[in-house]
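Report on the following structure.
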Amino acid sequence: MDYPFFELEQKWQKIWRQKRIANAPDGGDKPKYYVLSMFPYPSGELHCGHASNYSIGDVISRLKLMQGYNVMQPMGYDAFGMPAENFAITHNSHPRLTTEANITAMRKQFDGMGFLFDWDRELSTCRPEYYKWGQFIFKRMYERGLVYRKKSFQNWCNECATVLANEQVEEGRCWRCSTEVEQKELEQWYFKITDYAEELLDFSDTIQWPERVITMQKNWIGFSLGTRIEFPLENSDEKIPVFTTRPDTIFGVTFMALPPEHPLVQKWLVEEPDNKELQDFCKKVINEDKVSRSSAETTKEGIFSRRYCINPLNGDKVQIWITNYVLMDYGTGAVMAVPAHDQRDFEFAKKYNIPIKVVIQNAERSLKEAEMTEAMTEAGWQANSAQFDGLPSEEGIQKITEWIAENGWGEATKTYRLRDWGISRQRYWGTPIPIIHCPKCGVVLVPDSDLPVKLPENVQVGKTTSNPLLSVPEWLNVSCPQCGEAAKRETDTMDTFVDSSWYYARYADPKNTNVPFASDKADYWLPVDQYIGGIEHACMHLLYARFFYKFMRDMGWVKGGEPFQRLLTQGMVLKDGAKMGKSKGNAVDPQYIIDRFGSDTLRVFLLFASPPEKDVEWNDDALMGAFRFLNRIYRLITGNLEAIKRGKDQSFEPEALSSPFQELLYSTNYTIKRWREDSLSRMQYNTAIAAIMEHLNNCVSIKNPETRSKADLAVYAAALKAILQMLYPYAPHIAEELWQLLGEAKLLHESGLPEYKEEYLVQDSITYVIQINGKLRGKMEISPDLDDEAIKAEALQVENVMRSLEGHEIKKIIVIKGKMVSIAAK
RNA sequence: GCGAAAGUGGCGGAAUUGGCAGACGCGCUGGACUUAGGAUCCAGUAGGUUCACUCCUGUAGGGGUUCGAGUCCCCUCUUUCGCACCA
C-alpha cells in the first residue's frame, strides 16, 4: 500500500495557509530572512524547471523557518514580453487575457507543490500598479542624466514594417513573412549603465556569490586601461578618435579600420550616392547577421575609402579602410591598425597589400616585415619609434602616452567593454515609456500625476504588423503637458529586463500607491539574503539589477550597495541529455507526477538527483526510488507508533542501552551533524538526503522495537523524530503528517532544528588504515587515546603489514591522527 | 577566436582541508516472502586474478610534486554553456 500522499498533502497545504506560516510581517522580534527565486514568465504551465528551482528556494525557506527567522519568500510574474504578444498575434486575442489566465493557473500549481509563497505580496509586472513605478523610476533616471536617445541599427522587416528581435530572425529572414531582414537606423532609448561600470566591477567581500558568476560579470564589464588618440582627417577639421591598449605600437599604424556603421562612413555614404562599390559594401556588411559577422571564421573584408588621416606622432599619411571586422560597439568604434603587432590587422593587411611596419622588436632584434607569417604581439623593444627607440615596450606604453598628452593629441583613459543598455522595444506588451514628443517643446516627460501611462486596452495585436500602439489614435495623440499643443506619445515600450531590475524591492512593499516602496520596509527586508536563479542570467539580469540598486541607493531609497547577498545558480532539468521543453518534445508534466506520487516525491527526486547548482537528469526509475524512500518512512513510523510513543521524550542512561541501540544513538547524532552541515553550510541537498536514507536504513534494521527496554525505546523514538525533522525541508507534507501522528502539538518548523550531542559521537575505538608507499596494506581498531609511538607500534604488528614489509627497509612512518598510518619503505 | 565550467562504475552522483575511491539512490544478479504490487525483506554488484585469503589495475590522456593525488602544478584531448572579432 502506498502512503496516502494526496490526502495528506491537501490537508497540510490547507493548514499552512490557515496558520499563515508563509506570510511574513514587516518587522517583529525575529531576525529577517529574504529568500527570492527569480520570478517566472507566466506560461500557464508549471514545468519541471520551475518545480526544481522553487523546490530549492522552499528548502531554504523552511530551514530558515526552523531556525526561527522571519522568512519572506515572495512570488510574482515577469509577465510582459514577446511570448504573450506572439501568442496574441497567432491566436488573435489580447495578451492581458491570456496572461491573467496563466497566472491563475500557475498559482494553483505552485500551491500544489506546497511552496510557502507569501501570496499577499504577489506582483505581476504587466499590471499598471506595478509598471507605474517602473515609469516613475525611468523619470528619476532621466532627471539624473542616466537616460538618453541615440540612433542605432535594428533588425527591420520592410513587409511587416516592424523591428524584429534576434530570435524573430530566422536565417536572415523575418519569422512571419520570410522577407529578408535589413538593418535600419532608429532612435532608441538608452540607460547609461556605463556610468556605473567602475562600481559594478567592484564585488568586494560583502557579496557572497559564486566565483564563477563574478568572473563572468567582470569579464562582461571588461575594464581596460589604455590611451585615446585623435587622428586628424586629411584636408579636414574632423578627427577620428581611437582607443588602444597598445600605444607602444602607434608608430606602426599603417591603416585606419572603420566599421560601416561609423558616423564618418555614414556621412560619406550620403556624400557619394553614386559610389556603387562603397554603397554596396556597406549595405552588405551592415545587413550581415551579427552572429556570423562576429564569428572568427568570417573572412576579413574591406574596401579602401580613398581617404587618409594623419598619425599625429610622426605625420604619416594613413589609409582609411572600411572593414567588416571592426565593431561600432566597443571603444570609439575605430581601430588604429598595426599589422605588425595585431593578428587581425596582419591578416587584413596581407590580403589587401597594405604596408606592415615593425615597431616592436623581439629579443634578438631579428624581426623583418617581409619574413613575418603572423603578427608579433608580445612585448619587446621599441623600434622605428623616433625618440623612443630602444626602450622596453612596457616603458614605451607609458612614455608615448605621456608624450601624446603633452602635445594634446590624446590622453590616458579607461575603457569598458560594457555598453549602454538599449531599452527601447517597438512592441505593445511592455511598460510604456512615459515620454511625450511635442513639436514645440521636444521631448517632454509625462508628469508624475499622470502616471501610470496605461497601455490602451482596445488593441487587437494581430490586426497590425507594426507596433500596435501606433494604431490607437486616442492613446497616441495627447496635448503637450508643457505648452498644451497637440503632441504624440512615445510608442516604444521598455525592455522587460527593466521590470525585473527592481521587483525584489517592490516585494518589500508591494501595495504602496505613493512610491515604488517605502524606505522603512525596504530597509527592513533588503538586501535579499538568498537569491536563486539560472546561470544564464549571470551577465544581463544580475548586472542590470545591481545597476538599478546602486541608482536607488543614490536616490536614497535603499541602503547598502548590493541587492543580492548570496546567490545560488541552479542547474537545469534535462531529459536524454537535452534541456527539457515542450519544443523538444521531451517535457515531463510535473502535475502528472504530483497526481500519481505526490509533490513530496517530486521534490525529493529533484533535490536528491544532484547538488542544486548542477543539472538534473530526469529518470523515471530514480523518481520511483524517491517514492519508495518516503513510503519506507511512512511504514516505519506508522508501524511502530506505540513503541515510539512509549519511548518519546524519555530520558535514558547511555550505559543502559543494548548494543544495537548504542549504535542507533551514534547514528542519530552523527546523521544530524552531517545533515546540518549539508543542509545549512554546504547547501548540498543531495547528500543531506543521502544521510537521512542511511540513518533510515539503520532504523529499519531494528526489528520488534516494542519488545525493548525503556532506555532503548527512548533512543529509538529520538532516532525517528530526528528523521522527520531532517526530512521536513525536503518533503514537508509527509514529515508534518507523521510528526502529528507522533502526538506532537506544534508544527514541525516550530520544533526547531534537530540537535546532536558531541558526547554521543565519541567512539571507544577508531579504525586506522595502514598504507605502505601509498598503498592500502591493512586496518586496525585501536583506542582513540593512544599516542603516536603506540600507534606506530600497533601498526607494525598488523599481520598483513608485517608480511608486506618483509625484505624492505622502513624509511619513515607518518601518523595522521584519527585516520591512518603511512609507512614509507624501500 | 575569447570567456566560464565540466570529465569518477551500467546510470545519477559521493569523497568538505591532499589521507580507506565509488557513500546514497537507480539498475542488474541471486534468494526469501506474498494480500501479485510501479510491492516488501535479505545478500551481492568498478575491472582483472584467485577455490579463498591475497594481489594487480583503475577517477578523460600524458608528465610532475608528495610518505600519500579524483583533489595541487604543467601539457594534451573531449564535452557543455555564454559571447559583442574587445583593438
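FYI, side chains are in, hydrogens and waters are out, and symmetry mates aren't considered; it's all heavy atoms of this structure. Reminder, nothing fancy here: chain letters follow the sequence lines and each chain counts from 1. Note that the coordinates shown come from a computational prediction; the quantities given were computed from them, not determined experimentally.
Donor-acceptor pairing under 3.5 Å is recorded for the side chains of A:Gln570 and A:Asn53. No side-chain donor-acceptor contact under 3.5 Å links A:Asn698 and A:Glu694.
By the rule that a glycosidic angle within 90° of 0 means syn, B:rG9 counts as syn.
In this structure B:rA36 sits in no base pair that meets the Watson-Crick or G-U test at under 3.5 Å. Pairing for B:rU49 is absent, with no Watson-Crick or G-U wobble pair whose two atom distances lie under 3.5 Å. Within the shown strands, nothing qualifies as a pairing partner of B:rG68 under the Watson-Crick or G-U definition with both distances less than 3.5 Å. Across all strands shown, B:rG82 forms a Watson-Crick or G-U wobble pair with B:rC2, both key distances being under 3.5 Å. The nucleotide B:rA23 finds no pairing partner, because no Watson-Crick or G-U wobble arrangement with both distances shorter than 3.5 Å includes it. Look at B:rC28: its Watson-Crick or wobble partner, with both distances under 3.5 angstrom, is B:rG44. Across all strands shown, B:rU16 has no partner, as no Watson-Crick or G-U wobble contact with both distances under 3.5 Å is found.
Between the CG atom of A:Leu623 and the P atom of B:rG27 there is a distance of 11 Å, given to the nearest Å. Atoms NE2 (A:His262) and P (B:rA87) sit 18 Å apart, rounded to a whole Å. Rounded to whole Å, the distance from CE on A:Met216 to P on B:rA5 is 9 Å. Rounded to whole Å, atom C1' of B:rG25 lies 15 Å from atom CH2 of A:Trp618. The distance from atom CZ of A:Phe608 to atom P of B:rC11 is 17 Å, rounded to the nearest whole Å. Remark: P of B:rU80 and NZ of A:Lys614 are 16 Å apart, rounded to the nearest angstrom. B:rC2 atom P lies 11 Å from atom CD of A:Gln343, rounded to whole Å. For the pair A:Ile535 CD1 and B:rC83 P, the computed distance is 13 Å after rounding to whole Å.
The residue A:Ala690 sits close to a base: some heavy atom pair falls under 4.0 Å. Across all strands, A:Glu694 comes closer than 4.0 Å only to sugar-phosphate atoms, never to a base (heavy-atom distances). Counting any heavy atom pair closer than 4.0 Å across all strands shown, A:Gly625 reaches sugar-phosphate atoms only and no base atom. Among the atoms of the strands shown, only primed sugar atoms or phosphate atoms (P, OP1, OP2) are found under 4.0 Å from some heavy atom of A:Thr215. Nucleic acid contact for A:Met693: sugar-phosphate only, since backbone atoms but no base atoms lie under 4.0 Å from a heavy atom of the residue.
Checking side-chain atoms of A:Asn800 against main-chain N and O of A:Arg777 turns up a donor-acceptor pair under 3.5 Å. Remark: the backbone N or O of A:Ile193 is paired with a side-chain donor or acceptor of A:Asp420 at under 3.5 angstrom. Checking side-chain atoms of A:Asp615 against main-chain N and O of A:Met572 turns up a donor-acceptor pair under 3.5 Å.
The phosphate of B:rG25 (OP1 or OP2) has a side-chain N or O of A:Asn697 nearer than 4.0 angstrom. Side-chain nitrogen and oxygen atoms of A:Arg682 include at least one within less than 4.0 Å of the OP1 or OP2 phosphate oxygen of B:rA15. The side chain of A:Asn686 contributes no N or O atom lying less than 4.0 Å from OP1 or OP2 of B:rG12. An OP1 or OP2 oxygen of B:rG19 is reached within less than 4.0 angstrom by no side-chain nitrogen or oxygen of A:Lys819. At the phosphate of B:rC24, neither OP1 nor OP2 sits under 4.0 Å from any side-chain N or O atom of A:Gln684.
Between A:Phe348 and A:Phe255, a ring centre-to-centre spacing shorter than 6.0 Å is recorded.
Remark: the A:Ser610 side chain and the B:rG13 base include no donor-acceptor N/O pair separated by less than 3.5 Å. Within 3.5 Å, a donor on the side chain of A:Lys779 pairs with an acceptor on the base of B:rC20, or the reverse.
If you find the closest nucleotide of RNA chain B to A:Met336 and to A:Asn773, the one lying nearer the 5' end belongs to A:Asn773. Residues A:Ala609 and A:Asn219 each lie close to RNA chain B; by heavy-atom proximity, the contact nearer the 5' end of the strand is made by A:Asn219.
Relative to the side chain of A:Pro611, the nucleotides B:rG13, B:rA87, B:rC67 differ in distance, and B:rG13 lies closest. For A:Trp220, whose side chain is taken as the heavy atoms from C-beta onward, the closest listed nucleotide among B:rA87, B:rC83, B:rC67 is B:rC83.
By the 6.0 Å and 45° rule, A:Arg596 stacks over the aromatic ring of A:Tyr592. The cationic atom of A:Arg546 (NZ for Lys, CZ for Arg) lies less than 6.0 Å from the six-membered ring centre of A:Phe203 and within 45° of the ring axis.
For A:Ala626, the side-chain contact (heavy atoms from CB on, under 4.5 Å) criterion is met by A:Thr601, A:Val604, A:Phe605, not counting sequence neighbours.
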- Message: Base contacts versus sugar-phosphate-only contacts with protein, heavy atoms under 4.0 Å: please encode nucleotides 34-59 of chain B as B, S and - from 5' to 3'.
- Response: ----B-SS-------------SSS--
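Ion pairing between A:Glu789 and A:Lys792 holds under the 4.0 Å rule for side-chain N and carboxylate O.
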